[in-house]
Amino acid sequence: MTPLIYSTLIISLGIGTTLTFASTHWYLAWMGIEINTLAIIPLMTQSHSPRATEATTKYFFAQATASATLLFAATSNAFFTGSWDILQTNNPLTYTLMTLAMAMKIGLAPLHSWMPEVMQGLTLLTGLILSTWQKLAPFCLIYQIQPHSPNLFMALGLLSIVAGGWGGFNQVQLRKILAYSSIAHLGWMVLILSFSPPLTLVAFSTYLMMTFSLFYSFMMTKTTHINSLSTSWAKIPTLTALTPLILLSLGGLPPLTGFLPKWMILQELTKQDLALVAVLAALFSLFSLYFYLRLSYAMTLTMPPNNPAGTLPWRLNPSHNTLPP
Amino acid sequence: RLIQMSLPNISRVPASRLLRSVRDLRWLLRSIAPLAVPRRALTQMGYRRPGQPREDKPPWWRVKFDLSKGLKGMKRHFQLLKEEFFAEFVGPMGKPIIEHMLEQNQVVWEFRGPHSLQEWTISCDREIGGKSEIYLKIGKNNETCLLYGTLCSDPPKDGETRYSGYCTMRAKQPLASFDRKKYHDWSSFNTLHLRIRGDGRPWMINIIAETYYTHQKDDMYSYFLYTRGGPYWQDVKIPFSKFFLAHRGRVQDDQHRLWLDKINAIGFTLGDKADGPFQLEIDFIGVCKDYAHTEDFAYEKYKRNPEV
């Protein structure tokens with residue numbers, strides 16, 4: 001792809017999200033989301049492999065359906081309330097439809113089935129953009145929808161935590177694991193949204209940082225399968241030693257940063273007399289912790305018997321040498 | 001009354017003036033008239049041997065319904081479903097994760113009894129009216145399989161086919177319960193390892209990966225297999241990076257590497273235009289990880305037109 005087109009697409013991605021952030025009218029917000037979708041499509045199909053085109057097609061179908069639903073909901077809201085303002089979403093039908101449309105956009109259960117297949121077909125960089133940047137605009141809209149009852153958000157949240165944990169259980173492909181991890185984390189964020197929106201933002205920002213770090217670690221070691229993780233010690237030893245910290249942070253283990261949003265969410269849920277929901281959320285996130293631990297085990301805690309022959313790659317590539325002098 | 005009111009009469013009415021261009025009544029009565037070009041559902045049903053008359057029977061007329069067959073099938077499928085469910089508790093794809101992490105070699109197909117032949121399909125140009133023959137049997141001591149036959153490149157005299165002379169053996173797609181497609185996941189490996197004994201003929205190895213669109217259903221990734229005739233076994237190791245993309249036998253310009261996470265089948269084709277008997281004995285077909293092989297894709301891609 002020529003640099004001009006590439007930069008146009010990246011700038012369009014930025015413009016789309018910014019437009020949604022800055023808008024108060026539903027049409028403008030929808031337009032920003034559409035610009036985002038359309039800008040990432042060529043980035044996904046850069047390599048002409050059939051898996052990439054399959055992933056792009058599935059992504060496009062899911063996003064187009066969600067966008068159409070959102071537009072319909074916004075128009076219905078304008079019909080019922082007479083206002084196109086995002087903050088004036090009062091009708092239960094319309095805010096339910098909008099919530100479900102945004103849930104499909106970001107990949108919340110039970111509308112999450114497109115996510116692992118799409119992530120599997122992408123490069124790690126495009127997958128990173130999909131997991132982080134593409135979630136910003138829909139989340140901005142979910143944040144502004146003020147439902148009267150928290151039941152829908154709690155149901156979506158709990159289902160996502162379960163689906164994200166259970167789905168990633170027996171995966172060996174790293175991109176699919178990251179997709180299920182994304183689903184589970186989004187579940188945590190949406191669970192607390194109706195009670196304490198700032199906590200959702202805390203969870204979202206920590207998720208962005210951790211996911212970015214993990215994707216970047218996998219990009220540097222060029223690994224897409226759990227087996228190739230086991231030989232990453234030969235490529236970048238320091239990164240191999242530090243990546244479990246990112247993984248366990250994603251799993252929510254104290255004293256790492258990833259524990260903070262989970263702790264505060266559980267505390268808030270308990271304050272709202274929803275101890276059962278808190279217990280269920282904590283228990284189901286143990287599934288996610290299981291596969292993060294498995295990745296740490298494969299990468300750092302075990303030495304594989306099948307070592308690479310010849311000179312160790314980290315000696316040959318000084319730009320990746322992060323050992324202290 | 002419709003028949004009495006012929007088309008020229010109808011078309012005099014201003015609202016239906018466009019009907020004047022319709023000369024043939026069959027265009028209006030499309031659903032019941034016999035067609036010059038068959039409907040897509042019928043052409044994509046199965047293979048029609050060139051020269052044979054087309055069958056216009058809808059698919060449900062061709063199935064034989066039988067209650068006892070149905071009950072046996074249901075029992076078998078539920079049994080498979082139960083096994084799959086409990087296999088997930090063991091690990092990914094029914095194997096413990098430690099096995100996934102440690103394995104460097106995996107034998108995918110081996111021939112240790114007549115039941116192994118159920119996983120394979122053989123075919124030759126006899127289907128299109130040619131004169132080749134192909135047979136598959138288990139070799140001595142139930143240790144190998146022997147693919148043998150006669151190749152004949154005389155084209156069938158049906159007025160349509162110009163070339164002929166091929167024989168092929170292809171693995172069947174693995175199926176899960178309720179005939180869902182299962183795939184081979186070879187993403188931990190990078191080399192195909194075969195142990196074969198041939199007669200010096202050049203074969204083509206085809207790997208069929210899972211695709212999404214219907215126009216990709218004939219996509220195959222191929223590479224050559226040169227057999228050395230002789231009593232000694234040949235260990236052939238072909239890296240997956242060497243396989244190139246072909247569609248219906250035609251090598252494509254826009255090449256990409258073979259994705260190993262969803263493989264449907266493997267096949268061997270002989271089409272070397274050398275008429276006569278052939279034999280190929282296969283001990284096993286496996287995959288392995290060669291850490292010294294770091295190539296991603298063996299072929300350079302040239303951009304013929306400047307792309308955006």
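Heavy atoms only: backbone and side chains are in, while hydrogens, waters and symmetry mates are out. Not measured: the values here are computed from a predicted model. Note on naming: letters A, B, ... go to the chains in the order of the sequence lines (proteins, then strands), and numbering restarts at 1 for each one.
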Contacting region of Ser49(A) [heavy-atom separation from chain B under 4.5 Å]: both
From CA spacing to verdict: side-chain contact (heavy atoms from CB on, under 4.5 Å), Lys58(A), Tyr212(B): CA-CA 10 Å; Lys58(A) 286 180 178 170; Tyr212(B) 186 61; 3.6 Å; yes
Interface residue of largest heavy-atom contact number with chain A, from Pro92(B), Gly91(B), Ala209(B), under 4.5 Å: Pro92(B)
Within 6.0 angstrom of Phe60(A) CZ, more than 12 heavy atoms from elsewhere: no
From CA spacing to verdict: side-chain hydrogen bond (donor to acceptor under 3.5 Å, both in side chains), Thr57(A), Tyr213(B): CA-CA 10 Å; Thr57(A) 313; Tyr213(B) 297 102; 2.2 Å; yes
Chain A contact via Asp185(B) - side chain, backbone, both or neither, heavy atoms under 4.5 Å: side chain
Nearest heavy-atom neighbours spanning Arg51(A) and Lys262(B): NH2-CB, 3.9 Å
Any Glu210(B) side-chain heavy atom under 4.5 Å of Pro50(A) side chain: no
Inter-chain contacts: residues 106-122 of chain A against chain B, heavy atoms under 4.5 Å: Glu117(A), Gln120(A), Gly121(A)
Reported CD-to-NE2 distance for the pair Gln255(B) and His48(A), which is rounded to 0.5 angstrom: 13.0 Å
Within 6.0 Å of OH in Tyr299(B), more than 12 heavy atoms from elsewhere: yes
Under 4.5 Å from a heavy atom of chain A, the part of Ile98(B) involved: side chain
Over 12 foreign heavy atoms within 6.0 Å of NZ, Lys82(B): no
Spacing of OG belonging to Ser228(A) relative to NZ belonging to Lys289(B), to within rounding of 0.5 Å: 6.0 Å
side-chain contact (heavy atoms from CB on, under 4.5 Å) between Ser187(B) and Gln173(A), intermediate numbers included: CA-CA 9 Å; Ser187(B) 40; Gln173(A) 299 283 348; 2.8 Å; yes
side-chain contact (heavy atoms from CB on, under 4.5 Å) between Tyr297(A) and Met101(B), intermediate numbers included: CA-CA 11 Å; Tyr297(A) 177 75; Met101(B) 285 166 55; 4.3 Å; yes
More than 12 heavy atoms from other groups under 6.0 Å of CH2 on Trp166(A): no
Interchain contact, Thr302(A) with chain B, by part (heavy-atom threshold 4.5 Å): side chain
Distance (rounded to the nearest 0.5 Å) between Asn227(A) CG and Ile97(B) CD1: 7.5 Å
Greater than 12 external heavy atoms within 6.0 Å of Arg195(B)'s CZ: yes
Minimum heavy-atom distance Val172(A)-Met93(B), with the two atoms named: CG2-CE, 4.4 Å
Glu88(B), part contacting chain A, at a heavy-atom distance under 4.5 Å: both
Residues, nucleotides or ligands: over 12 heavy atoms within 6.0 Å of Tyr163(B) OH: no
His225(A): ring pair (Phe, Tyr, Trp, His ring centres under 6.0 Å) partners, not counting sequence neighbours: none
